[in-house]
Amino acid sequence: MEKHLFLGDEAIAQAAIDAGLSGVYAYPGTPSTEITEYIQSSPIAKERGIHSRWSTNEKTAMESALGMSYAGKRSLCCMKHVGLNVAADCFMNAAMSGINGGMIIITADDPSMHSSQNEQDNRFFGNFAMIPMLEPSNQQEAYDMIYDGFDLSEKLGYPILLRITTRMAHSRSGVLRRPMREQNKMQTPEDGRQRFILLPALARKRFKVLLEAQKTFTEISEQSIYNQYFDAPNKDLGIITTGIAFNYLSENYPEGFEYPVLKITQYPLPKKQIEKLVDECKEILVLEEGFPVVEEQLKGFLGKGIVVHGRLDGTLQRDGELSPDAVGKVLGKPIHRYYATPEVVEQRPPALCQGCGHRDVYEALNEVLLEYNGTAKVFSDIGCYTLGALPPFRAIDTCIDMGASITMAKGAADAGLFPAVAVIGDSTFTHSGMTGLLDCVNEESNITIVISDNETTAMTGGQDSAGTGRLESICTGIGVDPAHIRVIIPLRKNYEEMKSLIREEIEYKGVSVIIPRRECIQTFARKRKASKK
Amino acid sequence: MKIDIILSGVGGQGILSIAAVIGEAALKDGLYMKQAEVHGMSQRGGDVQSNLRLSDKPIASDLIALGQADLIISLEPMESLRYLPYLKKEGWLVTNSEPFINIPNYPEMDKVMAELNKLPNKVVLDVEAIAKEVGSTRSANIVMLGAAAPFLKIDYPKIEEGIRRIFGRKGEEVVELNLKALQAGYAVAQSKNK
């Protein structure tokens, strides 16, 4: 059979389509974006009527995915790691209700923070919700785990969390596909009201059911083909790998393992195999991409009993991604380094594109704020415009989480800070800024909000933005005085106008919204190229 | 057969299209392949790199270990130097000579060239100029691929086939231009490799 060259993300998407998916729900976020994009551009997905339009945020995405599952069909919900924080309310409670049609949630974690604010390990979330988890070590496993994962989800009656990391999401390899399956028919659950109404009396019962199910989950992990035990002669050490850490270990032992290895890619932890490894080996080394999730579980709070090495005891560095070298070093393998990076090599940080509208916004804003002798603070948000933190702009003071610009500016204004300016993108505004705006309106907070509108979700590659064409009406609907919703085109020729407009709205005592609107030059260039063809 | 390659450049230069052609050629050759890419924030004009690994046996790691790369292919001279710790002692570095300057503190070019000249095995060429000579400024990437071709351990006709498959949709004219670009880069590398 022919092998397909798939990114990890693409392997997941194709597997879901092949497994009879009916809908994917997601908000763009590196490194998860390509899963949904692949389904959006797949002709067969279109033919099958698979839902693939972007959701407004991860919470609305997960709730919709749960709704589709409730109606009996197979649904997929994808996000980057921090997206699960947004969707956590639904996530934790979907573990209580369980599912009807198979439902898989993808968390794409970003250790080393290639494109993120933190490197949280969402296996904690899987353990927290007490649902089964999968963590593929290669693209073929990612495909197979999704393909079979919907069956697993339906068999157990629970959503499955599949965790990948950047290197799995954005690495390409040959993948064998399996036969395309029919989609589920619509069928609502017979015991729906007992399961999906989480009133305390019913929720208490559901929690007992979930607790009871843990035994089954563990047994299934123990029987899983994805948890493999490799025996080896030297029992001084037993090695546990999770996810892609297995690859880095294998890279260091091309001729076969020296120590017994337990490769874990399905959770909860397979107890039997771990007991075997601990019984046979003197000490344990845990190699995991991310936080010391397994290491902590093995060690317990006091760390007495078995000797476990890993990220907690400093054997491996606590932060950042693993690599073949990081793993090799721990196992005493020599590291070869023949050339150093010469000193002439300078850092080349990412930057706002030449011609980008955010540049004009920051230039004008910087100049106006100079008039306030350093009292002004700019609370910014997650997107391309976060790059306004870097030279030559150095225009922002904060960037914490999606939507925090508006609400942090509000809190600071409540404390008496003036001018309190929020800078947020159009997509981030609809993702998580709108509710904060309502807080501001209700209290007539003295803040100036700049919604820098490039009519797309630019940072992740130009996906549709949920509020395009409706930002003014959204702000009006929330209750902002229309006289203080000001739209301008951020171009050099409008520079003076933009400055006086910003000045006026800062001076206005209340909530004002400035919307500099100009299409992202990347999407603009792409559209122009496409129209030429 | 086993070859580990690091591709480098600046976000937007198109290192991934080089990787795509090599990938097509390798897959057709029945080789195993792993290619780790960088997406997201760094694509906005920052430094980008891709690890490309080919082998006739299954490949474990997506990432290349230090001192293990057979080849560095770079579309930008300073970026080619960034990944030197990954190069094998006898590895080759093939890089574009023309700098992409989007930072205020870009080093003086003669200092960059001096570092390149210290390396025992390198090919340094102006891919844009060569692409212009063959009549396709947009094929600079493929000139670069041609220059790297002698070190790829993949038969030249298979690389040509990769180009046909990747560019086939865009018409015969585009295919021919790219084949010419490939040949031009190849010729330069051959002459410098003697």
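Just so it is clear: chains get the letters A, B, ... in the order the sequence lines come, proteins before strands, and each one is counted from 1. FYI, side chains are in, hydrogens and waters are out, and symmetry mates aren't considered; it's all heavy atoms of this structure.
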> Please report the closest heavy-atom contact between A:Glu346 and B:Pro107, naming both atoms and the distance.
CG-CD, 4.0 Å
> What's the separation between atom OG1 in A:Thr166 and atom CD in B:Glu37, rounded to the nearest 0.5 Å?
12.5 Å
> Which bit of A:Glu321 is near chain B, if near means a heavy-atom gap under 4.5 Å: side chain, backbone, both or neither?
neither
> Does a sphere of radius 6.0 Å around NZ in B:Lys89 hold more than 12 heavy atoms from other residues, nucleotides or ligands, not counting ones at 6.0 Å or beyond?
no
> Please output the residues of residues 176-187 of chain B in contact with chain A, using a heavy-atom cutoff of under 4.5 Å, in numerical order.
none
> Looking only at heavy atoms, what is the nearest atom pair of A:Gln347 and B:Ile103, with distance?
O-CD1, 3.6 Å
> Taking NZ in A:Lys333 as the centre, count heavy atoms belonging to other residues, nucleotides or ligands within less than 6.0 Å. Is the count above 12?
yes
> Does the side chain of B:Glu115 reach to within under 4.5 Å of the side chain of A:Glu343, using non-hydrogen atoms?
no
> Among A:Gly328, A:Ser137, A:Ser171, A:Pro31, which has the most heavy-atom pairs under 4.5 Å with chain B?
A:Ser171
> Report which part of A:Leu322 has an atom under 4.5 Å of a heavy atom belonging to chain B: side chain, backbone, both, or neither.
backbone
> If we define contacts as heavy-atom pairs under 4.5 Å, which of B:Glu108, B:Lys111, B:Glu79 has the most with chain A?
B:Glu79
> Side chains of A:Tyr339 and B:Leu119: closer than 4.5 Å at any heavy-atom pair?
yes
> Among B:Ser50, B:Ala36, B:Ala60, B:Gly67, which residue has the highest count of heavy-atom pairs closer than 4.5 Å to chain A?
B:Ala60
> Using a 4.5 Å cut-off on heavy atoms from C-beta on, say whether the side chain of A:Ser173 contacts that of B:Gln35.
no
> Using non-hydrogen atoms only, which part of B:Leu27 is less than 4.5 Å away from chain A: side chain, backbone, both, or neither?
side chain
> Quick check: are there more than 12 heavy atoms from other residues, nucleotides or ligands sitting under 6.0 Å from CZ of A:Arg526?
yes
> Tell me which of these, A:Arg172, A:Met168, A:His336, has more heavy-atom pairs under 4.5 Å with chain B than the rest.
A:Arg172
> Measuring heavy-atom distances to chain B, does A:Leu7 have an atom under 4.5 Å in its side chain, in its backbone, in both, or in neither?
side chain
> So for B:Asn102, is it side chain, backbone, both, or neither that comes closer than 4.5 Å to the heavy atoms of chain A?
both
> Would you mind reporting whether B:Tyr86 and A:Arg337 have side-chain heavy atoms less than 4.5 Å apart?
no
> Is any side-chain heavy atom of B:Lys34 closer than 4.5 Å to one of A:Asn138?
yes
> Could you go through A:Gln139 and B:Asp62, starting from their C-alpha distance and side-chain angles, then the distance that decides it, and tell me whether this counts as side-chain contact (heavy atoms from CB on, under 4.5 Å)?
CA-CA 11 Å; A:Gln139 289 76 2; B:Asp62 297 87; 3.7 Å; yes
> Who among B:Ala65, B:Pro85, B:Ala114 has the most heavy-atom pairs with chain A under 4.5 Å?
B:Pro85
> Go through the atoms of A:Ala458 and report whether side chain, backbone, both or neither lie under 4.5 Å from a heavy atom of chain B.
backbone
> What's the separation between atom OG in B:Ser61 and atom CG in A:Asp325, rounded to the nearest 0.5 Å?
9.0 Å
> Answer whether the closest heavy-atom distance between the side chains of A:Val344 and B:Met113 falls below 4.5 Å.
no
> So for A:Pro349, is it side chain, backbone, both, or neither that comes closer than 4.5 Å to the heavy atoms of chain B?
both
> Let me see the working for B:Glu90 and A:Tyr338 under side-chain contact (heavy atoms from CB on, under 4.5 Å), right down to the final yes or no.
CA-CA 9 Å; B:Glu90 67 283 10; A:Tyr338 307 102; 5.9 Å; no
> What residue, out of A:Pro324, A:Ser323, A:Gly8, has the most heavy-atom pairs lying under 4.5 Å from chain B?
A:Pro324
> Pick from A:Gly461, A:Gly174, A:Ala340: which one has the most heavy-atom pairs with chain B under 4.5 Å?
A:Ala340
> Is A:Gln354 in contact with chain B via its backbone, its side chain, both, or neither, using a 4.5 Å heavy-atom distance?
neither
